[in-house]
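Each ligand, and each atom within it, is numbered from 1 in the order the structure gives. Position 1 is the first residue of the sequence; numbering continues from there.
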Amino acid sequence: MALVAAAFAFVVVRSGPRDDDSPAIISRGYRIRLGWLLFLCVVGVLVSVWSLIPFPLQLVGAPRAIDVVGRQWSWDIASRTAQVGESVRFRVTSADVNHGFGLYGPDDLIVAQTQAMPGYVNELDVTFEQPGRYRVLCLEYCGLAHHAMTAEITVTEEGP
Ligand SMILES: [Cu+2]
């Protein structure tokens, strides 16, 4: 801190009146600053739009809703089929105790998950990106047959 304070004091003591403060130079400086500001604004808007394109919120239309009810020890899933590229909104709840709705892709990597809670509906937006068999596994220990609480969703290529 002492070193920083000494450097700061040195700069303050050594600084004198500026010799580049003529009105023409000041005016040119403001023009450069305004141009830089406008440039940064344009870049900021473009980067924001570009980075929000994959944002999961659906800006146009609503995804297809699929109701899901977890119970000891099975899943009631209103529809077990979807198409590649389709966006669905799982509306997940529980009929008894807490469960975990975990959706695994054909490569067995987790795609999305949410809690299945009695008295609550949790919405989970998913866009299926590859065809195949997706598995639903319970991710919350919920009793003796927790391990058997699985289901399957089949995702097919887009039709013509
Ligand atoms: Cu469970």
J.: Charged N to carboxylate O under 4.0 angstrom, Arg80 versus Glu152?
T.: no

J.: In the hydrophobic cluster built from side-chain contacts under 4.5 Å, what are the other members alongside Val68?
T.: Ile66, Trp73, Trp75, Ile77, Val84, Val88, Phe90, Val92, Phe101, Leu103, Val111, Leu124, Val126, Phe128, Tyr134, Val136, Leu144, Met149, Ile153, Val155

J.: Shared ILVMFWY cluster between Leu37 and Tyr30, side chains joined below 4.5 angstrom?
T.: no

J.: Would you mind checking if Asp96 and Arg71 are paired as a salt bridge, meaning a charged N to carboxylate O distance below 4.0 Å?
T.: no

J.: Decide yes or no on side chain to side chain donor-acceptor pair (under 3.5 Å) for Glu157 and Gln83, but give the supporting numbers first.
T.: CA-CA 6 Å; Glu157 295 284 358; Gln83 291 192 331; over 6 Å; no

J.: Relative to the Cu ion (ligand 1), how many protein N, O or S atoms have a separation of less than 2.8 Å?
T.: 4

J.: Quick one, Thr154 with Thr81, criterion side chain to side chain donor-acceptor pair (under 3.5 Å). Give me CA distance, side-chain angles, the key distance, then yes/no.
T.: CA-CA 5 Å; Thr154 303; Thr81 58; over 6 Å; no

